[in-house]
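A short worksheet on the structure shown next.
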Amino acid sequence: MSQRMLSSVLRARPNVVLRRATPALTIPQRFSSSDSHSQETFEQFSERYVAFFQGAQDLFEVQRGLNNCFAHDLVPSPGVVEAALRAARRVNDYATAVRVFEGIREKVENKQQYQAYLDELKPVREELGIDTKEDLYVS
């Protein structure tokens, strides 16, 4: 009985059985990180990271965001740095807040640019009580 049923199924749908019997040919596809999104402008980059740091709830998120932000081939805007500093202080991690300025010092091209960041962010640094590494280790 089961053999009759099987043969009737095979006669009724031969294409289905043939399609399943032949292995599907797969073509490998190559994906890159730039395929999923278009080029991001500096303003979009800044908005994205300001929003990220405003929503960061723990130290891991803040440090992950800083790592991702500083991995790009640009210096983050003062707005992004301010949001990162506020996030670091919100999760009560003073060391990370100090390290943000070390990251900026490494990313800028010269001392004048670093000094410009320090000058622009001075009110935020004073409000949050953040010193730079140079201020902490005066020799």
Side-chain angles (χ1 to χ4, degrees):
M1 174 96 170
S2 64
Q3 191 172 12
R4 264 195 226 160
M5 193 186 292
L6 181 61
S7 63
S8 65
V9 168
L10 289 177
R11 270 187 264 130
R13 295 196 167 250
N15 292 337
V16 173
V17 174
L18 288 177
R19 272 188 267 163
R20 288 185 185 161
T22 58
L25 181 63
T26 58
I27 299 171
Q29 294 182 359
R30 184 174 176 179
F31 294 101
S32 71
S33 61
S34 63
D35 289 343
S36 62
H37 56 83
S38 62
Q39 289 288 44
E40 186 176 46
T41 65
F42 184 72
E43 289 77 22
Q44 291 170 331
F45 174 86
S46 296
E47 289 172 9
R48 178 167 59 106
Y49 276 100
V50 166
F52 177 84
F53 287 122
Q54 288 174 345
Q57 297 296 317
D58 62 4
L59 180 60
F60 176 78
E61 285 185 68
V62 173
Q63 290 177 341
R64 180 175 57 102
L66 285 169
N67 189 32
N68 292 339
C69 182
F70 279 96
H72 291 275
D73 191 24
L74 52 83
V75 182
S77 70
V80 172
V81 175
E82 179 180 349
L85 293 172
R86 292 187 186 281
R89 294 301 281 156
R90 185 175 58 248
V91 299
N92 199 24
D93 191 43
Y94 183 79
T96 298
V98 173
R99 298 276 303 176
V100 169
F101 287 103
E102 290 183 62
I104 293 170
R105 190 181 65 225
E106 292 298 320
K107 293 290 280 189
V108 296
E109 294 179 2
N110 53 47
K111 290 182 180 182
Q112 291 81 15
Q113 289 177 346
Y114 179 59
Q115 189 60 47
Y117 268 88
L118 291 178
D119 293 342
E120 186 163 345
L121 294 168
K122 186 174 183 173
V124 175
R125 287 180 34 225
E126 289 175 351
E127 176 190 342
L128 299 176
I130 301 170
D131 292 322
T132 63
K133 184 178 175 183
E134 296 86 9
D135 295 338
L136 292 172
Y137 299 107
V138 178
S139 44

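The basis for the numbers below is simple: all heavy atoms, side chains too, and nothing from hydrogens, waters or symmetry mates.
For N92, the CG atom sits in a loose shell: 12 or fewer heavy atoms of surrounding residues, nucleotides or ligands are nearer than 6.0 Å.
Applying the salt bridge (Lys or Arg N to Asp or Glu O under 4.0 Å) test to R64 and every residue at least two apart in sequence or in another chain returns nothing. In this structure, the salt bridge (Lys or Arg N to Asp or Glu O under 4.0 Å) partners of E134, at least two apart in sequence or on a different chain, are R105. A search for side chain to side chain contact (heavy atoms under 4.5 Å, CB included) contacts involving N67 returns nothing, not counting sequence neighbours.
Each salt bridge (Lys or Arg N to Asp or Glu O under 4.0 Å) pair with one or both residues in residues 42-59, not counting sequence neighbours, appears once here: E40-R48.
At a threshold of 4.5 Å between side-chain heavy atoms, the hydrophobic network of Ile, Leu, Val, Met, Phe, Trp and Tyr places F60 and L85 in two separate groups. Under the 4.5 Å side-chain heavy-atom criterion for Ile, Leu, Val, Met, Phe, Trp and Tyr, V98 and Y137 are members of the same hydrophobic cluster.
Scanning all heavy atoms of the two residues, the minimum distance from R90 to F53 falls at NH2-O, 2.7 Å. The nearest pair of heavy atoms linking Q44 to Q39 is OE1-O, 4.1 Å.
A heavy-atom distance below 4.5 Å is found between the side chains of V62 and T96. Counting heavy atoms from C-beta on, the side chains of Y114 and F101 come closer than 4.5 Å. Between Q113 and N110 the shortest side-chain heavy-atom distance falls below 4.5 Å.
The aromatic rings of F52 and Y49 lie perpendicular to each other, with more than 60° between the two planes, well past the 30° mark.
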Side-chain polar contacts of residues 120-131 - donor-acceptor pairs under 3.5 angstrom, sequence neighbours left out - could you list them?
{"unit_1": "R125", "atom_1": "NH2", "unit_2": "D135", "atom_2": "OD2", "d": "3.2"}
{"unit_1": "E127", "atom_1": "OE1", "unit_2": "R86", "atom_2": "NH2", "d": "3.1"}
{"unit_1": "E127", "atom_1": "OE2", "unit_2": "R86", "atom_2": "NH1", "d": "3.0"}

Anything under 3.5 Å between a donor and an acceptor, one on a side chain of residues 70-81, the other on a protein residue two or more places apart or in another chain? List them.
{"unit_1": "S77", "atom_1": "OG", "unit_2": "S46", "atom_2": "OG", "d": "3.3"}
{"unit_1": "S77", "atom_1": "OG", "unit_2": "V80", "atom_2": "N", "d": "3.4"}

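No donor-acceptor pair under 3.5 Å is formed between the side chain of Q63 and the backbone N or O of E61.
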